[in-house]
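This report refers to the structure that appears directly beneath it.
Computed from heavy atoms alone, side chains included, the values below leave out hydrogens, waters and symmetry copies. In what follows, chains carry the letters A, B, and so on, assigned in the order in which the sequence lines appear, proteins first and then strands, with residues in each chain numbered from 1. Here the structure is a predicted model, which means the values were calculated and not measured.
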2 protein chains.
Amino acid sequence: MGQLPTVLDVATAAGVSRQTVSNVLNSPELVRPATREKVESAIADLGYRPHASARRLRTQKSSTIGIRLDPMTDGISGSVLDRFLHALTEQADTKGLRMLLFTATDPDDEIRQFQRLRDGADVDAFVLTSTFHGDPRTEWLIENGQSFVTFGRPWGIDDMNDPQHLWVDVDGRHGLREATTHLLKTGLRRIGYIGWPSPSGTGDDRRLGWLETMRESSGPTTAEIAELEVTTQEGVSFGVAAVRALESVPGGVEGVVCASDSLALGALIGSTRRIPIIGYDNTPVAASIGFSSVEQPLDEVATGVLDLLTGAHGGKLSDDAVTDPRHRLVKPRLIVRDVPTLGVATR
Amino acid sequence: MGQLPTVLDVATAAGVSRQTVSNVLNSPELVRPATREKVESAIADLGYRPHASARRLRTQKSSTIGIRLDPMTDGISGSVLDRFLHALTEQADTKGLRMLLFTATDPDDEIRQFQRLRDGADVDAFVLTSTFHGDPRTEWLIENGQSFVTFGRPWGIDDMNDPQHLWVDVDGRHGLREATTHLLKTGLRRIGYIGWPSPSGTGDDRRLGWLETMRESSGPTTAEIAELEVTTQEGVSFGVAAVRALESVPGGVEGVVCASDSLALGALIGSTRRIPIIGYDNTPVAASIGFSSVEQPLDEVATGVLDLLTGAHGGKLSDDAVTDPRHRLVKPRLIVRDVPTLGVATR
DNA sequence: TCCAAAAATTGGATCGATCAAATTTGGAGC
DNA sequence: GCTCCAAATTTGATCGATCCAATTTTTGGA
């Protein structure tokens, strides 16, 4: 068991040449079935595995995707990235792709990392997890012809349909529509919203889902709806204050939908009445405390990201990507849970 | 800006040969300072980066470390792995190492992945995040001469000091000593413990920290201490039941230390009195709800893991690893927070 | 000043795979 | 049986770096 077998060993064992072995691996249709079988059994016998680095040197492709591991953001919703990463790694594997991690301290540093990884032929594509209008990173990537896909829409007016910028995102508006509709269906009318101040791409999008649904409902008037909205910073403690503000509105509030699980958790803690509250992201906290939340279908996002990457890279687009094969918007789904056994402390 | 520069381009630009450029990069001490400077400025001018795959093909080393991305375990404590991964990636980068992700459905599948990644020369070491006595994975790795380090001790009697098994771990016993001592110092005497059933390597270790401290204290008798312990499954809801059991013990309980943040969160939710509760892992949940918790120094763990890997790999051990240069136990620290504004609901 | 030993540098070969072009094979058609 | 063409297979070159052995330059002592 000295050396690992190479193509040459397989070729000798099967009584063919190197190239034929290579063809069996990469272009099986070129090889006659009888020959193919001989080679395949030799591969199995010897336990041959292609040497990844050698292949990459020759083909100038790394079959590796780079992704930045963000420093824990606020914390609670960090698990979304975590789950996304897991889905991505799993699916990349089935396509023969690998995920390489890197970290960066700021956007400029990140660009430096892009360059480093690209020049070393370490990766041949990047996945970015959050971008913004005029993001220097996407600009650099486009200018330098690096292929990449972002999880999250670029929220600038022009950017959104830029054919050079491939993205996959979750339809937050749809998610909040679902959440709001769910509460309306249970007979509640005055549904409040706790979100982030505008402008915030994702925030404004989610808010719209609530707003539109409320306007279409037969409940509060437009003026009343406006009073049922509170925007605040992200964080549990801000959620506490926000729900108290909502509860003190004339007419009160009968249910709340939030832009995040952190805000929802705060709302649950701060709420003096036991009103239903729905979060966003379906984080472990929501699951363990037991409140409803909108779940992002991260498997689908991962699939979309890889489809776009391999499609763009290989030059061929998948058949079912009918309308816009460069962007993909997937629908989240609402996870309904009973109101948890959690309330305010009698301090 | 057609092709990326190669060693030959740099050599030509600097007026030296390929090998000299290679020496500047890999064995600078062999090159005369004057020559070295010339080469270095040529490298900078051309923006040359060595082609990672070519180097790996020649040297048969990948400078890449593989790590399995676990499927989200129970959820809440999943963020520990996340933070560890971040620390690892960051520090690996400073040593010129890269982190490659993979997933696996079970231990056997994981071994298959080891093989795949090794044969493809994709990685030259692995980091395992949790091992157990008689773990088939570590056995395979040792048998096949693969270098690896585990985060977590192998809890078997013989395994622990196996010189072939490098590990880094956090001293959970010390952590629970700190937590228990902290509560004792505030004047409380009857400190309870909520943990997992034996045998559990980490669980038993943490429990010991609480038990020893209680025995050394001037508080409850040994018999009373035994009543202050509840073991249960991991999970928030189990924590709820556990704290209620403790509160109904004759004499009650004045404070609780837990084996995990999930249990601590459950205890907080289930507790009818407002007693201080300390968790373990200092997860985002602990931070946002605001209860005390024992924090694992993941940066130090990451440093240790890489030290052991590069030490074992390069054959040289760091100077300050005095006692046992193959294993490293780091001390966690207690993060103290006020009792949170969270209690039981008046259902 | 000269010579041997040490230091620095050079060109050729190589890692394991794939590409490109050349060669052989097999089968249809006459 | 023979020609011819397409399909199947083989051979030679190459990707970019490092290793190895050989060569040239420098250093230091007599």
Short side-chain N/O contact from [X] to OP1 or OP2 of [N], under 4.0 Å:
{"X": "Asn23(A)", "N": "dA8(D)", "answer": "no"}
{"X": "Ser22(B)", "N": "dT18(D)", "answer": "yes"}
{"X": "Thr6(A)", "N": "dG16(C)", "answer": "no"}

[X]/[Y] ion pair, N-O < 4.0 Å:
{"X": "Asp124(B)", "Y": "Lys61(B)", "result": "no"}
{"X": "Asp109(A)", "Y": "Arg137(A)", "result": "no"}
{"X": "Asp122(A)", "Y": "Arg56(B)", "result": "yes"}
{"X": "Arg328(B)", "Y": "Asp307(B)", "result": "yes"}
{"X": "Arg83(B)", "Y": "Asp299(B)", "result": "no"}

Please state how far atom [atom1] in [X] lies from atom [atom2] in [N], giving the value in whole angstrom units.
{"X": "Leu30(A)", "N": "dT10(D)", "atom1": "CG", "atom2": "P", "answer": "13 Å"}
{"X": "Arg18(B)", "N": "dT10(C)", "atom1": "CZ", "atom2": "P", "answer": "10 Å"}
{"X": "Asp9(B)", "N": "dC15(D)", "atom1": "CG", "atom2": "P", "answer": "11 Å"}
{"X": "Arg55(B)", "N": "dA17(C)", "atom1": "CZ", "atom2": "P", "answer": "21 Å"}
{"X": "Lys61(B)", "N": "dT14(C)", "atom1": "NZ", "atom2": "P", "answer": "21 Å"}
{"X": "Leu57(A)", "N": "dT14(C)", "atom1": "CG", "atom2": "C1'", "answer": "12 Å"}
{"X": "Arg56(B)", "N": "dC15(D)", "atom1": "CZ", "atom2": "P", "answer": "19 Å"}
{"X": "Gln19(B)", "N": "dA22(D)", "atom1": "CD", "atom2": "C1'", "answer": "13 Å"}

State which of [options] makes the closest approach to the side chain of [X].
{"X": "Arg32(A)", "options": "dT18(C), dG16(C), dG26(C)", "value": "dG26(C)"}
{"X": "Val31(A)", "options": "dC15(D), dC15(C), dT9(D)", "value": "dT9(D)"}
{"X": "Arg58(B)", "options": "dT9(D), dT18(D), dC15(D)", "value": "dT18(D)"}
{"X": "Gln60(B)", "options": "dT26(D), dC15(C), dT18(D)", "value": "dC15(C)"}

Distance in Å, Asp135(A) CG paired with Trp140(A) CH2, rounded so as to fall on 0.5 Å steps: 13.0 Å

Would you mind classifying the nucleic acid contact of [X] as base, sugar-phosphate or nothing, using non-hydrogen atoms under 4.0 angstrom?
{"X": "Thr59(A)", "value": "sugar-phosphate"}
{"X": "Arg36(B)", "value": "nothing"}
{"X": "Thr35(B)", "value": "sugar-phosphate"}

Short side-chain donor-acceptor distance under 3.5 Å, Arg112(B) and Gln115(B): no

Relative orientation of the end axes in the helix from dT1(C)-dA30(D) to dC30(C)-dG1(D), expressed as an angle to the nearest 10° (five pairs per end):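 The angle separating the two end axes equals 40°.
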
Shortest non-hydrogen contact between Trp167(A) and Leu308(A), atoms and distance: O-CD1, 3.5 Å

